[in-house]
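First the structure, in the form of structure tokens, and then the observations on it.
Starting from 1, each residue takes its place in the sequence as its number.
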Amino acid sequence: MIFNILTYNIQHGLNYRLLKSEEKIRKIEFEPIASLIKQSKADIIGLNEVYNYGETNIDRCEQPKKIANLSNIKNYLFGEAIKVKGTDLYGNAFLTNFDIASYKTIKVPSPKEHTEDKYYEDRVLIEANVKIENKILTCFITHFGLAVGEQEIMLNILKEEIKKIDTPYMLMGDFNMTDDSPIINELKQMMNISIKEPTNTFSSLNPFERIDYIFLSKDIKLIESHVIEYVASDHFPVVATIEL
């Protein structure tokens with residue numbers, strides 16, 4: 001079966017387009033994100049920087065559900081990484097038109113010792129198994145940290161999860177690393193990268209580096225992949241057409 005997959009850091013819906021307006025303000029808007037998802041015709045979508053509950057801002061509530069409904073996507077999941085201000089649930093989301101056979105969210109803690117001059121934050125890895133005709137595809141939605149110590153913890157957890165499965169799998173998200181990173185090079189050895197030549201994904205108003213990726217296990221056929229130069233979030237999304 002041939003279908004599209006999409007990864008997108010949505011920065012919880014803050015609309016970067018409004019920075020170009022005379023008012024120079026930003027507000028949370030889900031319609032531009034939903035419009036992009038519909039245009040991409042993706043059946044599997046991984047989202048980063050998503051809220052699912054917010055006492056401090058009503059627009060932070062149930063963002064995966066809102067985006068799925070606006071995009072006409074059937075199923076959605078949320079993976080909590082942290083509680084912002086102790087209350088607002090924040091993490092990754094997974095949307096799909098396929099049936100979800102099973103899933104889990106895996107907490108990825110930051111190192112106990114913060115040895116780098118970087119912002120540290122606990123992360124989460126979503127692992128979802130979807131039914132596609134008579135096959136199961138394992139989908140990993142990740143958001144790597146900024147510090148190398150954080151990135152290594154995420155990589156090690158990811159490799160342990162991959163060892164446990166015997167299904168085709170995909171990995172996508174915001175990796176916060178460019179192509180010269182040793183971790184990105186290790187992932188390239190493990191899997192096929194959807195776009196071989198670096199194509200900038202950040203920032204959307206002035207793209208200067210690639211930090212968003214889609215990786216595929218070597219038993220998945222890649223038909224085509226590209227960066228969508230679409231300004232809504234501060235990232236560009238990446239879409240791939242694959243055959244399972």
Side-chain angles (χ1 to χ4, degrees), residues 1-10 13 30 32-50 52 62-79 81 91-106 124-144 158 161-162 165-175 187 190-195 201 212-228 230 232-233 235-244:
M1 182 175 183
I2 297 174
F3 56 92
N4 290 352
I5 61 177
L6 176 82
T7 184
Y8 197 11
N9 182 327
I10 65 167
F30 301 117
I33 297 165
S35 176
L36 180 279
I37 291 173
K38 287 190 286 188
Q39 290 174 32
S40 75
K41 298 181 180 179
D43 287 307
I44 291 177
I45 302 106
L47 302 178
N48 301 127
E49 298 192 10
V50 182
N52 197 46
E62 296 186 302
Q63 291 187 346
K65 180 180 179 179
K66 291 179 179 179
I67 294 169
N69 288 342
L70 287 169
S71 308
N72 300 321
I73 301 295
K74 186 169 66 171
N75 298 308
Y76 58 89
L77 301 170
F78 172 74
N92 298 331
F94 175 71
L95 283 60
T96 182
N97 281 320
F98 299 120
D99 291 334
I100 300 173
S102 63
Y103 74 94
K104 59 182 175 179
T105 58
I106 304 163
V124 67
L125 178 68
I126 295 177
E127 180 178 341
N129 292 306
V130 296
K131 297 179 181 178
I132 303 175
E133 295 180 337
N134 61 342
K135 298 180 180 179
I136 294 290
L137 172 67
T138 302
C139 307
F140 292 103
I141 310 304
T142 187
H143 188 182
F144 277 76
L158 176 66
E161 291 303 310
I162 290 173
I165 62 175
D166 58 2
T167 56
Y169 62 91
M170 45 160 287
L171 167 67
M172 60 184 180
D174 175 358
F175 288 69
L187 291 171
M190 294 170 54
M191 293 169 272
N192 292 327
I193 191 169
S194 68
I195 304 176
T201 62
D212 303 88
Y213 301 84
I214 295 174
F215 291 95
L216 304 168
S217 62
K218 295 185 178 182
D219 51 357
I220 296 175
K221 181 180 179 181
L222 173 67
I223 296 174
E224 190 272 339
S225 184
H226 63 277
V227 172
I228 303 175
Y230 179 88
S233 164
H235 289 243
F236 284 152
V238 182
V239 65
T241 303
I242 65 175
E243 183 174 6
L244 188 64

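Across F175 and F144, no two heavy atoms sit closer than the pair O-CB, 3.1 Å. When every heavy atom of P32 is checked against every heavy atom of A232, the shortest pair comes out as CB-CB, 3.9 Å. For the residue pair I5 and I214, the shortest heavy atom distance occurs at CD1-CG2, 3.7 Å. Contact between S217 and P168 at its shortest, heavy atoms only, is OG-CA, 3.6 Å. Contact record, A128 with F94: CB-CE2, 3.6 Å, taken as the closest heavy-atom pair. H235 approaches Y8 most closely through the heavy-atom pair O-CE1, 3.4 Å.
Remark: side-chain polar atoms of S40 are paired, donor with acceptor, to backbone N or O of A42 under 3.5 angstrom. Without hydrogens or angle criteria, N9 side chain to D174 main chain gives no donor-acceptor distance under 3.5 Å. Under a 3.5 Å cut-off, the side chain of N92 and the backbone N or O of V124 do form a donor-acceptor pair. Distance alone, capped at 3.5 Å, places no donor-acceptor pair between the D43 side chain and the F98 backbone. Between the side chain of T241 and the main chain of F3, no donor-acceptor pair closer than 3.5 Å is present.
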Might you work through the side chain to side chain contact (heavy atoms under 4.5 Å, CB included) test for F140 and I162, ending with a clear yes or no? CA-CA 9 Å; F140 292 103; I162 290 173; 4.0 Å; yes
Checking N129 against I165 for the side chain to side chain contact (heavy atoms under 4.5 Å, CB included) test, could you report, in this order, the C-alpha distance in whole Å, the side-chain angles of both residues, the deciding distance, and whether it holds? CA-CA 10 Å; N129 292 306; I165 62 175; 5.6 Å; no
Residue pair I45, I67: steps toward the side chain to side chain contact (heavy atoms under 4.5 Å, CB included) verdict: CA-CA 11 Å; I45 302 106; I67 294 169; over 6 Å; no
For I195 and V238: C-alpha separation, side-chain torsions, deciding distance, then whether side chain to side chain contact (heavy atoms under 4.5 Å, CB included) applies. CA-CA 9 Å; I195 304 176; V238 182; 4.0 Å; yes
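Among D212, T142, I44, L6, the single residue meeting the side chain to side chain contact (heavy atoms under 4.5 Å, CB included) criterion with M172 is I44. When each of E161, M190, E127, M191 is paired with L171, the side chain to side chain contact (heavy atoms under 4.5 Å, CB included) condition holds for M191 and for no other.
Within a 6.0 Å sphere centred on NZ of K74, other residues, nucleotides and ligands contribute more than 12 heavy atoms. Around atom OH of Y230, more than 12 heavy atoms belonging to other residues, nucleotides or ligands sit under 6.0 Å away.
The side-chain hydrogen bond (donor to acceptor under 3.5 Å, both in side chains) search around T7 returns none, not counting sequence neighbours. Residues passing the salt bridge (charged side-chain N to carboxylate O under 4.0 Å, His left out) test with K131: none are found, sequence neighbours excluded.
Rounded to the nearest 0.5 Å, atoms CD (E224) and CG (N4) are 8.0 Å apart. Rounding to the nearest 0.5 Å places CD1 of I126 at 9.0 Å from CG of N48. Distance check, rounded to the nearest 0.5 Å: OH of Y169 to SG of C139 gives 13.0 Å. To the nearest 0.5 Å, the span separating CD1 on I242 from OG on S194 amounts to 10.0 Å. Between the CD1 atom of I10 and the CD1 atom of I33 there is a distance of 4.0 Å, given to the nearest 0.5 Å. Rounding to the nearest 0.5 Å gives a distance of 6.0 Å between NZ of K218 and CG of N192.
The side-chain heavy atoms of L77 and I141, taken from C-beta on, include no pair separated by under 4.5 Å.
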